[in-house]
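Written out below as structure tokens is the structure these notes cover.
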Amino acid sequence: MTHLTLSNICKQFAGTTAVEDFNLEVEKGEFVSFLGPSGCGKTTTLRMIAGFEVPTTGKVTIDDTDITYQAPNQRNVGMVFQAYALFPNMTVAQNIGYGLRIRKESKTAIKERVTEMLALIHLEKKGNSYPHQLSGGQQQRVALARALAIRPQVLLLDEPLSALDAKIRVSLRAEIRAIQKKLGITAIYVTHDQEEALSISDRIVVMYEGRIEQVGTPFEIYNFPQTAFVASFVGTLNTAPAEVVDPAKHLLKIDGVQLESAEMLEDKHAGDKVTIAIRPERFNFIAQERKANILDCQIENITFLGSVVRIQLLIGSNRFYMDTFNNPFLELPKIGDKAQITCSREAVLVLKA
Amino acid sequence: MTALDEKRDAPLARPAPHKMSWAWLGVMPFFLFAFLFLIYPSSTIVVRSFQDSVTHGFTLKNILALFDNHYILGAYWISIEISLLTSVGGGIFGFLLAYAAIRGGLPSFMRSSLMTFCGVASNFAGVPLAFAFIALLSPTGLLISWLRALGYNPYFHGFTLYTFWGLSIVYMYFQFPLMVLIIAPAIDGLRREWLEASENLGASSFQYWRYVALPILLPSIMGTMILLFGNSFGAFATAQALTGGQINLVTIVIGSQLRGDALGDPGLGYAMALGMVVVMALAITGYTVLQRRTERWLR
Ligand SMILES: Nc1ncnc2c1ncn2[C@@H]1O[C@H](COP(=O)(O)OP(=O)(O)O)[C@@H](O)[C@H]1O
Ligand SMILES: [Mg+2]
């Protein structure tokens with residue numbers, strides 16, 4: 001059943017359009033990420049769900065109740081901010097219990113819930129500490145507990161890890177996901193970090209300049225980007241302008257080099273200009289005889305990235321990256337060498353405009 | 001990569017040759033300042049308070065005389081009263097003004113001109129301030145003349161500039177701008193996230209003020225009011241110029257003691273000054289404690 005619905009949402013600030021024609025249905029218990037570069041309207045959309053902004057047009061509903069114009073303090077939506085949002089004058093326990101105190105719950109009920117929340121975030125011993133005595137990661141866990149204590153219908157998180165160290169970011173995002181699954185709560189997670197979105201989400205909404213570019217599972221978003229923007233924003237991707245040679249045979253040409261794709265090209269004609277995209281890890285050096293996708297190239301540079309070796313090469317005048325797993329017996333060409341590489345037909349994506 | 005780094009860092013890792021450090025020279029002006037303007041005068045006050053002004057021997061006479069003299073106790077009391085009144089009054093007004101300026105969506109140029117005005121006004125004291133108020137609020141002053149022209153003479157309704165209330169009004173003029181200047185950063189330090197988190201958790205704006213904003217600001221407000229108290233407690237020239245010594249503030253009585261006109265006992269004057277130092281020290285301690293608490297919060 002659809003739990004949270006955003007229909008035809010537009011938001012304009014004096015002159016600028018922050019969000020345009022935003023439509024999304026979120027299932028109960030689903031973890032959805034808004035992913036996009038800074039300024040693309042993620043926060044604005046989230047704030048419309050929380051009630052801090054009112055859409056210029058469109059509707060927000062939770063469980064079929066229209067909350068578009070409801071005041072923030074009338075909604076039952078929990079929010080975790082980027083950083084520094086804990087009340088500095090209250091202890092951890094008082095912070096977590098704040099929403100319940102406002103709801104005039106009994107002292108014993110509040111105490112019980114706070115204890116339960118502290119156990120959930122593994123900070124049982126920190127109930128009497130003040131926020132300034134906690135690390136950044138601990139503060140964000142408390143912020144999460146504070147938002148969850150009121151048993152919200154939806155949990156909203158606005159780049160909650162962006163102020164933390166890389167290492168804590170990775171462990172805390174796993175913890176957030178585990179807690180969300182355990183409680184079965186619907187969550188919307190804003191981030192500009194594609195790796196974060198890919199690792200944590202059930203579904204990702206990729207946004208660009210106020211619009212949805214693509215909605216899909218991490219698998220779909222990574223492997224089948226539908227627009228040039230998604231392709232370039234999520235993961236590393238080689239893109240190059242290409243020309244359709246023979247739509248029936250799925251033949252394309254980049255800079256005179258012929259390529260075969262697995263994509264349907266019925267709507268295209270010979271001579272049409274398109275953009276093709278190939279992930280670096282889909283390239284291989286040619287080991288056996290092949291009939292299609294034999295690409296002559298020149299090695300420009302080789303970089304070790306840990307488990308992966310990234311090879312920069314030129315095909316015609318187009319620069320591509322190729323990734324190959326690192327191992328001690330790897331035989332690599334030298335910089336300046338000519339080589340032949342290949343990729344499967346399926347690896348050659350043809351992007352929508 | 002690591003080997004290279006080590007090589008590059010090597011020269012720095014060598015122990016520095018022993019050399020006389022001249023760094024202490026840099027803090028000399030501070031110690032000189034502290035000695036000349038803080039340690040020397042206050043130790044003089046302490047020593048002279050316990051010194052017989054004739055024999056120069058040790059005595060408790062001056063200190064005991066403080067508590068024995070209704071005139072002197074009265075002076076302390078009037079000083080404390082006027083300081084309390086103008087620090088609380090100026091504090092509340094200054095806070096509201098600062099809050100309105102910062103959170104009321106005032107255009108930034110107006111905000112900076114308000115701050116500039118406060119910077120100037122908080123230092124506007126002494127003879128020029130007294131004169132300005134005489135020109136405005138004396139029986140022949142500008143504002144009083146206007147009011148008279150409108151058919152209302154405040155002087156017929158118990159108002160005079162040269163009494164306790166008149167002096168309080170004049171003091172307010174440098175008290176509230178000081179409040180604005182000092183409290184503004186604290187109000188700026190209130191994060192939008194706190195208000196939004198509070199609303200998000202179901203609280204009204206009243207509840208936000210009651211449970212979050214006011215508790216966070218209270219130490220700053222109280223601390224600054226203490227500072228205002230000290231500011232008014234130590235003021236001398238304004239009162240002297242305005243009332244010509246008609247209102248017996250501690251500072252005015254000390255002035256006459258030291259000049260030797262009224263009672264003419266310098267030893268008693270020093271003892272009174274010591275009393276002021278004690279009151280001021282208490283005020284500054286209170287201010288420091290409260291300020292430290294907010295700084296921790298508003299980091
Ligand atoms: N209160 C506001 N007033 C004016 N413009 C705003 C306001 N909030 C956001 N914007 C604009 O809306 C756009 C989207 O902002 P935002 O939602 O914060 O982006 P993101 O969170 O994806 O970085 C930006 O161009 C931003 O400048
Ligand atoms: Mg944002």
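First the proteins, then the strands, lettered A, B, ... as listed; each starts at 1. Computed from a prediction, not measured in an experiment: that's the story for all the values here.
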Can you say whether A:Ala143 sits under 4.5 Å from chain B via the side chain, the backbone, both, or neither, judging by heavy atoms? neither
Work out which heavy atom in B:Ala197 is nearest to a heavy atom in A:Ala85; give both atom names and the distance. CB-O, 4.1 Å
Answer yes or no: does atom CZ of A:Phe13 have more than 12 heavy-atom neighbours from other residues, nucleotides or ligands under 6.0 Å? yes
Would you say A:Asn73's side chain and B:Ser198's backbone share a donor-acceptor pair under 3.5 angstrom? no
Judged by atom type as modelled, is there a donor-acceptor pair below 3.5 Å linking the side chain of B:Arg191 to the main-chain atoms of A:Phe87? no
Using the test salt bridge (charged side-chain N to carboxylate O under 4.0 Å, His left out), find all partners of B:Arg111 that sit at least two apart in sequence or belong to another chain. B:Asp188
Looking only at heavy atoms, which two atoms of A:Ile102 and B:Gly202 are closest? And how far apart? CG2-O, 3.4 Å
Grab the two heavy atoms, one from A:Asn89 and one from B:Val212, that are nearest each other, plus how far apart they are. ND2-O, 3.9 Å
Residue pair A:Phe81 / B:Glu196: nearest heavy atoms and the distance that separates them: CE2-OE1, 3.5 Å
Nearest 0.5 angstrom please: A:Tyr98 OH to B:Gln207 CD, how far? 6.5 Å
Neighbour count >12 (heavy atoms, 6.0 Å) for atom CZ, B:Phe117: yes
CD of A:Glu300: more than 12 outside heavy atoms within 6.0 angstrom? yes
Give a yes or no on whether B:Phe164 atom CZ has more than 12 heavy-atom contacts from other residues, nucleotides or ligands under 6.0 Å away. yes
Would you mind checking which part of A:Arg146 comes under 4.5 Å of any heavy atom in chain B, side chain (CB onward), backbone (N, CA, C, O), both or neither? both
Using modelled atom types and a 3.5 Å cut-off, is there a donor and acceptor pairing between side-chain atoms of B:Asn200 and backbone atoms of A:Met79? yes
Flag if over 12 foreign heavy atoms under 6.0 Å of CE, B:Met222: no
Residues passing the side chain to side chain contact (heavy atoms under 4.5 Å, CB included) test with B:Ile92, sequence neighbours excluded, are B:Val88, B:Leu96, B:Met225
Distance in Å, A:Gln94 CD paired with B:Tyr211 OH, rounded so as to fall on 0.5 Å steps: 11.5 Å
Non-hydrogen atoms of chain B under 4.5 Å away: do they reach the side chain of A:Leu86, the backbone, both or neither? backbone
